[in-house]
Enquirer: 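Here it is, the structure, as structure tokens.
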Amino acid sequence: MDSDSKDHSITDNNIFGNKPVTRQEDIDLAKVRNIGIAAHIDAGKTTTTERILFYTGRTHRIGEVDAGSATMDWMIQEKERGITITSAVTTARWNEHIINIIDTPGHVDFTVEVERSLRVLDGMVAVFCAVGGVQPQSETVWRQANKYSVPRIAYVNKMDRVGANFMNVVDKIRERLGANAVACQLPIGAEADFQGMVDLITMKARFYLDELGQKFEDREIPEELLDEARELRTKMMDEAAQGSEELTEKFLLEEELSVEEIKEGLRLRCLRNELVPVFCGSSFRNKGVQFLLDAIVDYLPSPLDRPEISAHDPQSGEEIVRQGLVSEPMAALVFKIATDPFVGKLAFVRVYSGTLRVGGAALNAVKGKRERIGRLVRMHADHREDIMELHAGELGGVLGLKLSTTGDTLCDESAPILLENISFPEPVISIAIEPKSKADEDRMGTALSKLTEEDPTFKATTNSETGQIMIAGMGGLHLDIIVDRLLREFQVNANVGRPQVAYKEAIRRAVKAEGRFIRQTGGRGQYGDVWLELSPAEPGAGIVFEADVPNGEVPKEYFDAVEQGCREAAQCGVLAGFPVIDVKARLFGGSFHEVDSSELSFKVAASMAFREALEKTECYIKEPIMKVEISVPETYLGDVIGDLNGRRGKIGNLDASGDGIQIIKADAPLAEMFGYTTSLRNLSQGRGSASIEFGCYEEVPKNIQDQIVMRMTGRVL
């Protein structure tokens with residue numbers, strides 16, 4: 001080995017150690033990175049995280065997803081299926097920096113885990129497969145990162161696979177994601193010949209020398225790659241020079257930017273979401289992860305680099321702007337609830353300002369109640385490390401909270417603040433579940449309560465007429481996991497029905513109706529009288545309530561009761577009993593009694609008026625439409641399109657991804673897509689793959705609607 005060779009053993013890398021960071025003087029927020037690793041399923045997120053833990057000394061063996069030994073995939077369901085189901089949190093150190101990492105799922109059914117993770121993270125590593133490139137879930141997580149303005153870097157993984165093409169993926173990131181992707185590396189070889197990468201910043205070629213990726217050698221760039229490396233470096237410097245006026249001026253004067261200046265320019269533009277640095281490697285072959293760690297430290301933001309915290313006063317609703325500093329009053333967001341079999345309810349929090357301390361108290365600004373902080377823990381997948389404090393910019397777990405749920409704000413009682421909540425999509429598929437015995441019924445109630453608290457996209461309801469328990473989720477795999485957890489984790493024996501589509505009802509035209517609830521019982525009676533106008537609302541609006549009452553015909557103190565009555569009545573439509581959506585309810589009149597009127601009477605009256613209006617107008621059924629993206633060899637294209645047409649699918653566009661593979665984008669009703677993956681495999685001899693995610697709700701064709709109503713009610717329209 002020549003003088004440039006390095007033995008990059010773990011002992012060189014600031015091992016995390018067991019001593020908890022608990023004192024304010026130990027925390028340098030500029031050296032903290034809160035990052036998420038997100039991508040399409042099977043792009044290598046968990047494998048990459050496992051290598052990060054190994055190279056930072058957090059673990060002393062490399063966990064493998066396929067072998068079921070991955071540290072971050074700790075659930076038994078994850079080990080069996082070889083996929084990530086729940087986001088796992090861990091902490092590592094690299095070059096004197098603390099990196100808090102959330103490994104997120106890639107399957108669309110668990111997209112809620114990505115949503116709530118990105119809400120509390122400062123930066124993201126987007127992992128792409130060097131063969132598949134930008135895949136459907138890649139686009140979904142990218143949109144989620146855009147929603148929260150999260151700076152990100154890209155890592156093109158699996159450069160050792162047949163068909164790997166780094167620059168093709170960089171181009172796809174630009175085309176399909178609309179991102180300013182800037183290559184900071186150039187792979188040396190590809191597929192079985194992948195040996196390392198050229199660092200375009202230092203213009204050195206790194207060759208890996210051992211299987212663990214700990215020994216490598218920095219050499220001169222191979223002659224055949226020199227021209228391409230120079231061209232890419234010029235483009236990279238052009239992008240970096242736009243980071244500040246000083247760098248731009250120096251670049252325009254044709255002066256060479258130093259390594260530090262290039263990194264500074266790239267970092268400044270990355271923090272402003274103006275570009276995305278792109279790196280490459282093969283996590284499974286232990287190549288490129290150290291470079292990725294350097295990039296996380298060099299380009300992704302610390303908590304100090306993120307904008308000021310914009311929040312609201314819980315009482316007045318006035319905007320509050322707070323600095324994300326330890327010296328500010330405490331404010332933290334609960335972004336996840338987990339049920340731990342050993343310690344009970346575990347709340348994952350991100351502290352945005354101040355310090356959260358063991359034994360202290362905090363105000364739940366959403367519930368308006370006081371919470372006691374029993375224990376604080378730092379998480380490493382399913383392992384817990386007790387700590388005394390969590391500071392601004394840190395992620396951790398809180399034990400002992402009684403009332404807090406996902407999206408709640410914990411804050412200093414003397415400085416109340418309400419942080420932005422997290423929005424979650426509605427479930428699109430449901431199944432009936434029935435306990436086998438009375439003991440199972442009791443356990444099921446407790447289990448479903450805990451699971452709905454954990455997962456905001458999982459709903460459990462009981463049909464008031466039949467007594468049947470229905471559970472709803474984001475897809476078939478989502479419900480499979482829930483049922484599996486009920487059976488194993490909560491020891492509930494149950495019978496499971498067939499999947500059912502979560503249909504909705506809507507109205508076609510505006511209608512007015514009166515609801516009067518008058519009861520005399522000898523003493524104080526009940527009096528509520530409301531006039532409602534129902535009209536169609538924008539798609540996706542749900543139930544919109546508006547009060548427009550002249551001359552105080554209905555006092556303002558009853559408006560909330562009227563709205564609650566409308567929302568409760570909307571839970572069961574008149575056509576087939578499905579929930580009503582996309583309706584605007586306007587309260588425009590009514591009357592009240594000085595003595596007999598109450599919130600209950602107006603709530604009942606509103607419910608009666610809502611039902612009466614639905615009976616008077618024309619209702620119709622909406623069904624969930626799924627966005628489908630299919631990759632299939634061109635040979636089977638005709639058969640696959642024909643099958644989609646038979647499933648009421650609408651073909652959007654076709655795109656060739658190379659190697660004879662066609663990408664079909666289509667919209668299709670969920671009702672027709674059960675078992676589609678199996679059918680696609682049969683049509684394409686196992687060579688096709690599909691990604692299906694919820695798109696929107698659309699009207700059901702009349703003949704299908706008649707069948708649904710007949711099946712649900714026995715009535716013939």
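Counting from 1, the numbers follow the sequence of the chain as shown. All heavy atoms count here, side chains included; hydrogens, waters and symmetry mates do not.
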Enquirer: Ignoring hydrogens, what is the shortest heavy-atom contact between L293 and Y55? Give both atom names and the distance.
Expert: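 Scanning both residues completely, I find the closest heavy atoms to be CD1-CB, 4.3 Å.
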Enquirer: Can a salt bridge be assigned to the pair D218 and K204 using a cut-off of 4.0 Å between side-chain N and carboxylate O?
Expert: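 Salt bridge flag = no for K204 with D218.
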Enquirer: Look only at the side chain of R51 and the backbone of V289, and say whether a donor-acceptor pair between them is shorter than 3.5 Å.
Expert: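 Not confirmed, R51 side chain does not pair with V289 backbone.
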Enquirer: Is any side-chain heavy atom of Y352 closer than 4.5 Å to a side-chain heavy atom of L333?
Expert: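 Result yes, sub-4.5 Å side-chain heavy-atom pair found.
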Enquirer: Any donor-acceptor pair under 3.5 Å linking the side chain of N180 with the backbone of E274?
Expert: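 Side chain of N180 to backbone of E274, a donor-acceptor pair under 3.5 Å: yes, one is there.
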Enquirer: Should the pair R206 and F216 be classed as cation-pi, given the thresholds of under 6.0 Å to the six-membered ring centre and 45° from the axis?
Expert: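 Yes, R206 and F216 form such a contact.
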Enquirer: Pick out which of R119, R350, R322 makes a side-chain contact (heavy atoms from CB on, under 4.5 Å) with L419.
Expert: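 When side-chain contact (heavy atoms from CB on, under 4.5 Å) is applied between L419 and each of R119, R350, R322, only R119 qualifies.
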Enquirer: Show the nearest heavy-atom pair for residues S283 and N157, with the distance to one decimal.
Expert: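 That would be N-OD1, 2.9 Å.
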Enquirer: Any chance you could measure E385, atom CD, to I387, atom CD1, to the nearest 0.5 Å?
Expert: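 CD1 of I387 is found 7.0 Å from CD of E385.
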Enquirer: Compare all side-chain heavy atoms of L395 with those of F335 and state whether any distance is below 4.5 angstrom.
Expert: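 A side-chain contact exists here, since the closest heavy-atom pair is under 4.5 Å.
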Enquirer: What residue pairs, at least two apart or across chains, pass salt bridge (charged side-chain N to carboxylate O under 4.0 Å, His left out) with a residue in residues 410-422?
Expert: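 Only R370-E413 qualify under salt bridge (charged side-chain N to carboxylate O under 4.0 Å, His left out).
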Enquirer: Can you run down the salt bridge (charged side-chain N to carboxylate O under 4.0 Å, His left out) pairs that involve residues 276-297, sequence neighbours left out, and say none if there aren't any?
Expert: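 As it turns out, the salt bridge (charged side-chain N to carboxylate O under 4.0 Å, His left out) pairs with a partner in residues 276-297, which skip direct neighbours, are D160-R285.
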Enquirer: In Å and rounded to the nearest 0.5 Å, what is the OH to CD distance from Y148 to E115?
Expert: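 The distance works out to 3.5 Å.
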Enquirer: Is the shortest heavy-atom distance from the side chain of T48 to the side chain of V125 under 4.5 Å?
Expert: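 In short, these two side chains do not touch, never coming nearer than 4.5 Å.
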Enquirer: With a 4.5 Å limit on heavy-atom distance, are the side chains of P277 and C270 in contact?
Expert: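 When only atoms from C-beta onward are counted, C270 and P277 do touch, with a gap below 4.5 Å.
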Enquirer: Any side-chain heavy atom of L29 sitting closer than 4.5 Å to one from H391?
Expert: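 Not in contact.
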Enquirer: Report the distance from atom CG of L356 to atom SG of C411, rounding to the nearest 0.5 Å.
Expert: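 Taking CG in L356 and SG in C411, the distance rounds to 11.0 Å.
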Enquirer: When the ring planes of F128 and W142 are compared, do they come out parallel, tilted or perpendicular, using 30° and 60° as the limits?
Expert: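 Because their plane-to-plane angle lies in the 30° to 60° range, the rings of F128 and W142 count as tilted.
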Enquirer: Any side-chain to backbone donor/acceptor pair from T248 onto A241? Under 3.5 Å, distance only.
Expert: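 Checked: pair present.
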Enquirer: For I52 and T90, what are the C-alpha separation, side-chain angles and deciding distance, and is it a side-chain contact (heavy atoms from CB on, under 4.5 Å)?
Expert: CA-CA 11 Å; I52 287 175; T90 190; over 6 Å; no
Enquirer: With no hydrogens and no angle check, is any side-chain donor or acceptor of N34 less than 3.5 Å from a backbone partner on G393?
Expert: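 Yes, N34 side chain to G393 backbone: donor-acceptor pair under 3.5 Å.
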Enquirer: May I ask you to test the L486-L451 pair for a side-chain heavy-atom distance under 4.5 Å?
Expert: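 Yes; the side chains approach each other to less than 4.5 Å.
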Enquirer: Please check this pair: side chain of R269 against backbone of A240, looking for a donor-acceptor N/O pair closer than 3.5 Å.
Expert: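 No; judged by distance alone, with no hydrogens or angles, the pair does not exist.
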Enquirer: I'd like to know if E113 pairs up with R116 as an ion pair, taking the criterion as any Lys NZ or Arg NE/NH1/NH2 lying under 4.0 Å from an Asp or Glu carboxylate oxygen.
Expert: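 Looking at R116 together with E113, the answer is yes, because their closest N to O distance falls below 4.0 Å.
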Enquirer: Find the distance between CG (D42) and CD (Q135) and round it off to the nearest 0.5 Å.
Expert: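 Between atom CG of D42 and atom CD of Q135 there are 8.0 Å.
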Enquirer: Taking salt bridge (charged side-chain N to carboxylate O under 4.0 Å, His left out) as the cut-off, I'd like each qualifying pair that reaches into residues 398-409, sequence neighbours left out, listed once.
Expert: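 Salt bridge (charged side-chain N to carboxylate O under 4.0 Å, His left out) check on residues 398-409 returns K367-D408.
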Enquirer: Does atom CD of E319 have more than 12 heavy-atom neighbours from other groups under 6.0 Å away?
Expert: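 Counting neighbours around CD of E319, more than 12 heavy atoms of other residues, nucleotides or ligands fall under 6.0 Å, so yes.
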Enquirer: Nearest 0.5 Å, please: how far is CD1 in I153 from OH in Y299?
Expert: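 With rounding to 0.5 Å, OH (Y299) is 9.0 Å from CD1 (I153).
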Enquirer: Under the side-chain contact (heavy atoms from CB on, under 4.5 Å) rule, what do F348 and V89 come out as? Steps first, then yes or no, please.
Expert: CA-CA 9 Å; F348 289 79; V89 182; 3.9 Å; yes
Enquirer: When rounded to the nearest 0.5 angstrom, what is the spacing between CZ in R33 and CD1 in I98?
Expert: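 If we round to the nearest 0.5 Å, R33:CZ and I98:CD1 are 11.0 Å apart.
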Enquirer: Would you say Y208's side chain and G288's backbone share a donor-acceptor pair under 3.5 angstrom?
Expert: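 Checked: pair present.
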Enquirer: Could you pull out the closest heavy-atom pair between M159 and C280, with the gap in Å?
Expert: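 Of all heavy-atom pairs spanning M159 and C280, the closest is CG-CB, 4.1 Å.
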Enquirer: Is a salt bridge present between R485 and E454, judged by a nitrogen-to-oxygen distance below 4.0 Å?
Expert: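 Here R485 pairs with E454 in a salt bridge, since their nearest N and O are under 4.0 Å apart.
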Enquirer: Less than 4.5 Å apart, any side-chain heavy atom of T56 and any of I99?
Expert: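 The answer is no; the side chains never approach within 4.5 Å.
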Enquirer: Any heavy-atom pair between the side chains of L247 and L257 that's under 4.5 Å?
Expert: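 In contact.
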Enquirer: Determine whether a donor-acceptor pair (N or O, by modelled atom type, separation under 3.5 Å) exists between the side chain of S353 and the backbone of P329.
Expert: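 Between the backbone of P329 and the side chain of S353 there is a qualifying donor-acceptor contact (under 3.5 Å).
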Enquirer: Tell me whether S138 contacts the main-chain N or O of A39 through its side chain, where contact means a donor paired with an acceptor under 3.5 Å.
Expert: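 Answer holds: no.
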Enquirer: Which atoms form the tightest heavy-atom contact between V127 and A43, and what is the distance?
Expert: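 V127 and A43 have their closest heavy atoms at CG1-O, 3.6 Å.
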Enquirer: Could you report the tightest heavy-atom contact between G44 and K158, atom names first, then the distance?
Expert: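 The answer is N-CE, 4.4 Å.
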Enquirer: Compare every heavy atom of T406 with every heavy atom of N421, then report the nearest pair and how far apart it is.
Expert: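 For N421 and T406, the tightest heavy-atom pair comes out as OD1-O, 4.3 Å.
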